[in-house]
Number of protein chains: 2
Amino acid sequence: MEVMEELGYKPNIIARTLANNKIQRIVALIPDPTGDLYWDQPKMGIEKALRAVQHYGIEVRIAYFDRFDPASFQQKAIQILEETSPLDAILFTPIFQQESRELLDACKEREIPNVMINTNIENSGSLCYIGQDSFQSGVLGARLLDFGLHDGETALILNLDKRITNAKHLQDKESGFRDYFSKVTNKHIHIVRKDFEEFGDRDKLRAFLQRQLAENPRLSGIFVTNSRAYKVAEALDDADLERIKIVGYDLIQPNLDLLKCNKINFIINQNPVQQGYLGIMNLFNHLIMKHEVAPLQYLPLDIVVVENVEYYLKRELEFQIVL
Amino acid sequence: MEVMEELGYKPNIIARTLANNKIQRIVALIPDPTGDLYWDQPKMGIEKALRAVQHYGIEVRIAYFDRFDPASFQQKAIQILEETSPLDAILFTPIFQQESRELLDACKEREIPNVMINTNIENSGSLCYIGQDSFQSGVLGARLLDFGLHDGETALILNLDKRITNAKHLQDKESGFRDYFSKVTNKHIHIVRKDFEEFGDRDKLRAFLQRQLAENPRLSGIFVTNSRAYKVAEALDDADLERIKIVGYDLIQPNLDLLKCNKINFIINQNPVQQGYLGIMNLFNHLIMKHEVAPLQYLPLDIVVVENVEYYLKRELEFQIVL
DNA sequence: ATTCATACTGTGTGCGTACACGGAAAAAAG
DNA sequence: CTTTTTTCCGTGTACGCACACAGTATGAAT
């Protein structure tokens with residue numbers, strides 16, 4: 001070892017990989033992207049990463065669960081643990097707290113390294129978390145909405161989701177949002193927070209929004225906490241839209257269309273493709289390269305407007321480094 | 001070949017690299033980062049990429065030229081071409097048109113693949129260009145400045161650089177900037193463009209800016225076309241700064257400090273680290289992987305404000321995928 | 001001192017590809 | 001038809017490392 005140090009010997013990863021001649025099996029457990037434009041993106045990132053590292057003997061299987069059904073997550077998790085052998089690593093999205101903790105415990109017991117993307121669980125014993133900082137994401141949302149708000153006006157934090165999902169996540173976003181405005185001294189903004197589950201029904205959403213407008217006559221900004229900002233813009237009248245600024249998340253097609261005609265003002269990009277990509281790459285770094293992996297990896301919160309949207313779309317599609 | 005296709009045979013890059021047992025020598029020619037905070041970043045990206053691909057037998061040497069002296073570029077270029085043998089590829093920043101064309105011609109004659117970063121030269125015969133879209137960058141700058149401007153006010157396009165550098169680049173930025181405001185219908189903004197070479201002398205810059213303020217009493221936005229926005233913010237009085245919005249480029253320390261205390265309003269990040277990184281990675285893809293390389297690769301124009309700056313800094317420092 | 005278990009060391013082979021080389025076959029020239 | 005040139009093909013070796021195995025040395029136990 002001393003002589004190695006002295007001569008500056010570094011093992012040749014290429015030769016090591018060739019000689020190793022083993023396959024490392026990774027299973028990814030993510031929400032079913034069917035009918036959900038957002039979850040298609042981490043999937044693309046995972047597939048892109050696979051192309052980059054498959055020569056190193058990495059094999060990835062993607063399993064899906066119903067994003068509204070904790071039982072389906074649980075069932076798939078058990079199936080993966082029991083039926084995959086050998087199982088060298090797991091990548092998953094812990095959007096259900098309870099069920100995810102069970103999976104984490106099972107991983108710890110079996111000593112299976114695991115990576116979480118998109119949603120974080122504290123003290124998980126995971127190899128790493130890759131995704132956004134929810135609190136800061138709320139702060140940024142507030143800042144962007146603030147551009148269009150005047151003194152005394154009202155901002156609405158709108159959560160279009162089923163109640164079971166991502167409670168902590170949402171709580172942090174709201175805290176960040178309120179934190180920003182509590183520090184703005186030159187104007188006072190009234191903040192309202194509402195949840196609405198029946199976002200699939202446009203008429204009901206429309207009625208709901210009209211009710212909010214009636215209750216808050218000076219409502220002029222809506223912060224939509226997930227990728228469904230387009231549903232809000234579609235459900236509002238054009239006259240109201242002129243006045244009301246909308247900030248939402250994620251570069252999915254309906255959002256992009258509305259961004260381009262100025263009905264959505266800002267989109268925050270949380271790099272979902274990158275999440276999937278880096279998730280696999282971090283496992284690769286751990287399994288093959290034996291590198292240390294940073295346990296908390298917050299991705300940038302990109303501010304997307306009409307003028308720079310094209311570049312983000314291109315990057316998501318083409319720009320991964322294919323090795 | 002038919003059977004290979006039928007069986008889905010793909011050569012194993014790992015084994016190929018091992019068997020090849022050759023070194024590919026790349027030389028990078030970039031501006032000397034000494035005393036220039038910006039050019040340190042592509043250098044970091046190049047070094048990061050080197051760490052990722054050195055096992056594949058890639059060797060990178062970085063050569064520097066004086067960013068204000070075309071002759072030094074020319075001299076270094078000749079030196080590289082004559083003294084490096086074998087020379088398998090060149091990466092460079094063509095900030096001097098004439099001298100860069102000479103280098104491009106020499107590369108074509110010797111059949112040396114080359115990559116340009118940061119500044120583009122059209123019809124260069126290069127493998128690829130990686131950097132920003134100058135025109136769109138100006139459009140985005142205008143959009144960001146527009147947030148703080150009112151009807152009838154004046155915006156200043158300020159070029160703090162020597163006259164010889166990057167003429168085309170700057171022209172495109174200005175065109176983009178003007179293009180945006182020509183399409184804004186609800187307010188009229190008066191646009192002035194000025195160059196100032198003696199930006200190193202704070203007192204002279206201060207006097208120059210005072211002159212601009214006197215000539216344009218309603219001046220309330222400055223678009224600094226390069227990374228020297230901090231020099232403007234430092235040279236202005238606090239009273240003026242309250243009113244005047246500043247949009248600049250690049251995440252260098254003095255800009256960051258002024259962004260954090262709201263003296264600079266927006267910074268556009270043109271991903272300089274990524275430019276160096278991808279420059280090398282694209283040569284790697286070409287030399288080792290024998291992949292097709294996209295000839296025009298525009299990097300995203302990130303909008304950076306106080307609320308999301310931390311993530312970009314982290315990404316620049318840690319986030320490259322180390323293989 | 002002998003036996004046995006354990007630790008250490010060196011050799012050989014394989015991972016999938018590149019490349020040099022010699023011999024055979026095919027094509028071109030005489 | 002023979003000779004020369006060119007093309008083609010198969011074999012062998014090498015790339016740097018992992019790992020199995022045999023052989024040797026070391027130490028503990030009898």
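Values reported hereafter were calculated over all heavy atoms of this structure, with side chains retained and with hydrogens, waters and symmetry mates removed. Residue numbers begin at 1 in each chain, while the letters A, B, ... track the order of the sequences. In this text the structure is predicted, and so the values were computed from the model without any measurement.
In this structure, B:R16 does not reach the C:dG16 phosphate: none of its side-chain N or O atoms is under 4.0 Å from OP1 or OP2. Residue A:N20 places at least one side-chain N or O closer than 4.0 Å to OP1 or OP2 of D:dC19. For D:dC15, neither phosphate oxygen OP1 nor OP2 lies less than 4.0 angstrom from any side-chain nitrogen or oxygen of B:K22.
Rounded to an integer number of Å, the gap from NZ of B:K10 to P of C:dT17 is 13 Å. To the nearest angstrom, P of D:dC19 lies 10 Å from CG of A:N21. Rounded to a whole Å, the CG atom of B:N12 is 7 Å from the P atom of C:dG16. Following rounding to the nearest Å, B:L18 (CG) and C:dG16 (C1') show an atom-to-atom distance of 9 Å. The CD1-P distance, from A:I23 to D:dA18, rounds to 19 Å in whole Å. A straight line from NE2 of A:H55 to C1' of C:dC15 spans 15 Å, rounded to a whole angstrom. The separation between A:I14 atom CD1 and D:dA14 atom P is 21 Å, rounded to whole Å.
None of B:D302, B:D133, B:N271 except one satisfies the side chain to side chain donor-acceptor pair (under 3.5 Å) rule with A:Y311; the exception is B:D133. Test B:E102, B:E99, B:Q98 against B:Q74 for side chain to side chain donor-acceptor pair (under 3.5 Å) and you get one pass: B:E102.
Salt-bridge annotation for B:K314 and B:E310: absent, with no side-chain N of the basic residue lying under 4.0 Å from a carboxylate O of the acidic one.
Side-chain N or O atoms of B:D88 include one that pairs as donor or acceptor with a backbone N or O of B:R25 at under 3.5 Å.
In this structure, of C:dC15, D:dC15, D:dG16, it is D:dG16 that holds the atom nearest to the side chain of A:A15.
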